[in-house]
There are 2 protein chains.
Amino acid sequence: MSKKEEILKAATLLFATNGFKETSMTEVASMTGAASATVFYHFKSKEELFLSVLSSVKDGIIEEFSHYFGEKKFTNGLEMLEGTVSFYLYLAGSRAEWFLLLHRYYPYKLAKENNACRHSLEDIYNCFVDIFEKALVQGQTDGSIGKLSPRKTALLILSTVDGMVRFKNCDLYDAGALYNELIAVIRRMAANQNQKI
Amino acid sequence: MSKKEEILKAATLLFATNGFKETSMTEVASMTGAASATVFYHFKSKEELFLSVLSSVKDGIIEEFSHYFGEKKFTNGLEMLEGTVSFYLYLAGSRAEWFLLLHRYYPYKLAKENNACRHSLEDIYNCFVDIFEKALVQGQTDGSIGKLSPRKTALLILSTVDGMVRFKNCDLYDAGALYNELIAVIRRMAANQNQKI
DNA sequence: AGCATAACTGACCGATCAGTTAGTTTTTAT
DNA sequence: ATAAAAACTAACTGATCGGTCAGTTATGCT
């Protein structure tokens, strides 16, 4: 791993766990054993470092999901929906720093004045919503999903799952203990009520 | 309004919109037309000011909900559930600064080492979950709500509603546009499927 | 080897911030 | 009226931080 990559990795962890303002460039530098001026050599400002972190998180998320869907096959839309929710929760555990970062307010505030930031966030959330929507549409075709607006329902499912992950990351209650209930709720939310599967 | 209350109000707004670290005591002071030392006269440190803000938000939320339930009466549990969700969304609009503050990570981080902070947050979230749970239990008694775990379902409904409010506050998508869909989803999630109401 | 360029660093700077102090003004009680 | 207490303030301090710069070391090409 190059020094630049090391810095990016350290910055991801620090921005995620401590926030933007609470993370100093000296901290990022010392975590990689470099001088603080070295960080400024690779990234011209703290904001640019943050944008690079966010962009790399975006790439990571998109790559992880496309890899998951490349391997996994589903027999119907409802199963795909449940699989996606499961994978979302799995990812929120194995790549906790990504979701911690996305659950901070700073990125969204920066997005209001910075196009690169806004685009990274849009790409990330479109990735999530598109996948949920795709599962719902497929389920409506194969009959496993009931009559509903796929886009809006996808947004509400994302709200639920993302809200749960956030509560877990805030130590308010454990998402794991709610897993079975979540799947049941999603099923009641979306499944075709007139068909037993 | 006393100067102390003015400071508390200004601090609530600033902590909510800009965050803890990004808000300076000088900023809080100048917003109320006071000298910065005056803020330290009323609140011995920045952290204590934040804790006072959080505690006042807690009091406000509990008061608003008890006022709502003092006025409103419901014919069954499902109606109470829908009313609570509506009121949650209404409050998230009219007291946006409260929810912005609760959607920041700082309070939850502070809660890990500060009991007062942890208790304020617990009181707030218990207030929310207890009300949802109460509606679900009542609905199971009167037959409007189906067979499900009231506590766990209450947590999932809070995840959904709170997640939606957060997405709205982050300018990702508008909660208002999803209102009808949200109510429909909650109904599918919780309503007794064997009974038409 | 020689050289250009990329990678890296120590020392420094101006700005900002939380918090202190010593003192002044205002309010309250008798 | 006046003394005590509460409310308030200007001026300051030490520490931290983002960013710069001049100079050094490492790398790759011919």
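The model shown is predicted, which means the values in this text are computed figures rather than measured ones. Order of the sequence lines sets the chain letters (A, B, ...), proteins ahead of strands, with each chain counted from 1.
A/Y88 has its side chain within reach of A/V165: a pair of non-hydrogen atoms, C-beta onward, lies under 4.5 Å apart.
Counting only heavy atoms from C-beta on, A/A37 has its side chain closest to D/dC21 among C/dT21, D/dC21, C/dC8. Between D/dG19, C/dC8, C/dA18, one nucleotide has an atom nearer to the side chain of A/K46 than all others, and that is D/dG19.
In this model, the phosphate group of D/dA7 is approached by a side-chain N or O of B/Y41 to a distance below 4.0 Å at OP1 or OP2. In this model, the phosphate group of C/dT9 is approached by a side-chain N or O of A/T38 to a distance below 4.0 Å at OP1 or OP2. Contact annotation: A/H42 side-chain N/O to C/dA6 OP1/OP2 distance is not under 4.0 Å.
What separates NZ of B/K3 from C1' of C/dT25 is a distance of 14 Å, to the nearest Å. Atom-to-atom, CE of B/M25 to C1' of C/dC17 comes out at 11 Å; the value is rounded to the nearest Å. Separating the CG atom of A/L14 from the P atom of D/dC17 is a distance of 12 Å, rounded to the nearest angstrom. Between B/E5 atom CD and D/dA7 atom P the separation is 12 Å, expressed in whole Å. Rounded to an integer number of Å, the gap from A/F50 CZ to D/dG18 P is 14 Å. The separation between B/K44 atom NZ and D/dC8 atom P is 19 Å, rounded to whole Å. Summarising the geometry, the separation between CD on A/E48 and C1' on D/dG19 is reported as 13 Å, rounded to the nearest angstrom. Taking atom CD of B/E27 as the reference point, atom P of C/dA15 lies 19 Å away to the nearest angstrom.
Around the NZ atom of B/K109, the shell of radius 6.0 Å holds more than 12 heavy atoms that belong to other residues, nucleotides or ligands. Annotation: B/K44, atom NZ; neighbour count of heavy atoms from other residues, nucleotides and ligands within 6.0 Å does not exceed 12.
Nearest-nucleotide mapping onto DNA chain C: of A/V39 and A/K21, the residue sitting toward the 5' end is A/V39. Comparing A/F40 and B/A34 by the nucleotide of DNA chain D whose heavy atom lies nearest to each, the residue mapping closer to the 5' end is B/A34.
Residue A/K4 is out of contact with every strand shown, counting any heavy-atom pair closer than 4.0 Å. Here A/S24 lies in heavy-atom contact (under 4.0 Å) with sugar-phosphate atoms only. Residue contacts for B/T23: at a heavy-atom cut-off of 4.0 Å it reaches the sugar-phosphate backbone alone, with no base atom in range.
Note on ring orientation: taking the six-membered ring where Trp is involved, the planes of B/F69 and B/F65 are parallel (angle under 30°, cut-offs 30° and 60°). Ring-plane geometry between A/Y68 and A/F74 is classed as tilted, the angle between the planes lying from 30 to 60 degrees on a 0 to 90 degree scale.
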